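Accompanying notes for the structure given below.
Residue numbers start at 1 and run along the sequence shown. These figures come from a predicted structure and were not determined experimentally.
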Amino acid sequence: MWLWLCALAVAGLLGACSSDRAPESSYVLLDGSKITTTQLQGKVVLLNFWATSCTTCVAEMPEVIATYNQYKDRGFETLAVAMSYDPPSYVVNFAQTRQLPFKVAIDNTGAAAKAWGDIQLTPTTFVLDKQGNIVKRYVGAPNFAELHQLIDKLLHQS
């Protein structure tokens, strides 16, 4: 168990390198439209892998919403990607009842989670700069005060 936690910690640290390019992935949004990682370039992006069955994911969602609302008019985008095992009807119901104001996708095939490093644990959240580079990776709920400082910094970069 200890070795597994150490490996997870190292993997998390390695995933935070600013030179890591975000993988090219395609996402199907709840409205049926598609978006790709490339289409998100030019904005600072919070990409959150989550599930309706994940208590931490559900608990952090109000802060994810508040973060989106705080920065959306300044070139910030949020994409919440539901895991492949999450029943689509649960995801749609959650998004509607919680009035999620940002883009929500369902990773039906698991291809997006695989492309982003074979994501198994939720929530796993990535912060991307305007050039599409991975700046930070969080496994578990982020420290939102720290996250907001990072977003502010990235929004001020050209």
Side-chain angles (χ1 to χ4, degrees), residues 5-30 33-52 54-84 86 91 94-95 98-107 110-158:
L5 288 173
C6 287
L8 183 63
V10 169
L13 291 173
L14 293 176
C17 297
S18 61
S19 61
D20 286 350
R21 198 83 181 122
E24 182 52 42
S25 300
S26 181
Y27 313 92
V28 178
L29 303 180
L30 293 184
S33 65
K34 291 184 181 172
I35 191 167
T36 65
T37 307
T38 302
Q39 290 173 304
L40 295 170
Q41 284 185 19
K43 293 187 174 195
V44 174
V45 177
L46 181 83
L47 189 125
N48 177 256
F49 286 92
W50 68 289
T52 58
C54 161
T55 54
T56 303
C57 302
V58 172
E60 77 172 359
M61 204 54 80
E63 289 195 78
V64 173
I65 293 168
T67 299
Y68 173 76
N69 287 333
Q70 181 175 342
Y71 294 105
K72 67 180 179 181
D73 296 329
R74 295 176 46 201
F76 177 76
E77 186 61 73
T78 298
L79 175 60
V81 182
M83 298 296 284
S84 61
D86 213 350
V91 177
F94 187 94
R98 306 302 199 289
Q99 297 180 328
L100 300 184
F102 41 76
K103 293 172 175 34
V104 178
I106 300 176
D107 186 16
K114 190 153 198 64
W116 284 82
D118 201 18
I119 304 300
Q120 302 285 322
L121 301 173
T122 56
T124 296
T125 305
F126 295 88
V127 179
L128 310 179
D129 66 15
K130 294 175 188 176
Q131 291 74 41
N133 298 310
I134 299 170
V135 177
K136 184 80 175 171
R137 174 184 174 177
Y138 297 94
V139 177
N143 172 323
F144 279 90
E146 175 192 290
L147 174 63
H148 291 178
Q149 287 180 339
L150 177 60
I151 292 168
D152 274 323
K153 178 182 154 195
L154 293 172
L155 286 171
H156 285 98
Q157 293 176 350
S158 48

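Of all heavy-atom pairs spanning Glu60 and Gly140, the tightest one is OE1-O, 4.5 Å. Here the closest heavy-atom approach between residue Ala141 and residue Pro123 is recorded as N-CG, 4.0 Å. Scanning both residues, Ala51 and Met83, for their nearest heavy atoms gives CB-CG, 4.4 Å.
The closest donor-acceptor contact from the side chain of Asp20 to the backbone of Ile134 lies at 3.5 Å or more, if one exists at all. In this structure a side-chain-to-backbone donor-acceptor pair under 3.5 Å is missing from Asn133 to Val135. Judged by distance alone, with hydrogens and angles left aside, the side-chain atoms of Lys130 form a donor-acceptor pair with the main-chain N or O of Gln157 at under 3.5 Å. In terms of modelled atom types and a separation under 3.5 Å, the side chain of Asp107 and the main chain of Val81 share no donor-acceptor contact.
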Evaluate the side-chain contact (heavy atoms from CB on, under 4.5 Å) criterion for residues Thr67 and Phe76: first the C-alpha distance (whole Å), next the side-chain angles of each, then the deciding distance (0.1 Å), finally the verdict. CA-CA 9 Å; Thr67 299; Phe76 177 76; 4.1 Å; yes
Between Ile119 and Arg137, is the side-chain contact (heavy atoms from CB on, under 4.5 Å) condition met? List the steps. CA-CA 11 Å; Ile119 304 300; Arg137 174 184 174 177; 4.1 Å; yes
Can you check side-chain contact (heavy atoms from CB on, under 4.5 Å) on Leu29 and Leu79, steps first, answer last? CA-CA 9 Å; Leu29 303 180; Leu79 175 60; 3.8 Å; yes
Would you sort out whether Leu100 and Ile65 count as a side-chain contact (heavy atoms from CB on, under 4.5 Å), showing the intermediate values? CA-CA 7 Å; Leu100 300 184; Ile65 293 168; 3.6 Å; yes
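Below 30°, between 30° and 60°, or above 60°: for Tyr68 and Phe102 the angle between ring planes is above 60°, a perpendicular geometry. Taking the six-membered ring for Trp and thresholds of 30 and 60 degrees, Phe94 and Trp50 have ring planes inclined between 30 and 60 degrees apart.
Going from atom CD of Glu77 over to atom CD of Gln39 covers 11.0 Å, rounded to the nearest 0.5 Å. Taking OG from Ser25 and CD1 from Ile35, the interatomic distance works out to 12.0 Å, rounded to the nearest 0.5 Å. In this structure, Thr37 OG1 and Leu128 CG are separated by 7.5 Å, a value rounded to the nearest 0.5 Å. The distance from the CG atom of Leu155 to the NZ atom of Lys43 is 11.0 Å, given to the nearest 0.5 Å. Interatomic distance, Asp129 CG to Lys153 NZ, rounded to the nearest 0.5 Å: 10.0 Å. Separation of atoms CD1 (Ile151) and CD (Gln70) is listed at 8.0 Å; rounding is to 0.5 Å.
We find that Arg74 and Asp152 are joined by a salt bridge, their nearest charged nitrogen and carboxylate oxygen being less than 4.0 Å apart.
In this structure, a donor-acceptor pair under 3.5 Å is present between the side chains of Glu146 and Tyr138. Between Thr125 and Asn48, the side chains place a donor N or O and an acceptor N or O closer than 3.5 Å (distance only, hydrogens not considered).
Residue-environment remark: CD (Glu24) exceeds the threshold of 12 foreign heavy atoms within 6.0 Å.
With respect to Cys57, the side-chain contact (heavy atoms from CB on, under 4.5 Å) criterion is satisfied by exactly one of Val64, Thr122, Thr124: Thr122.
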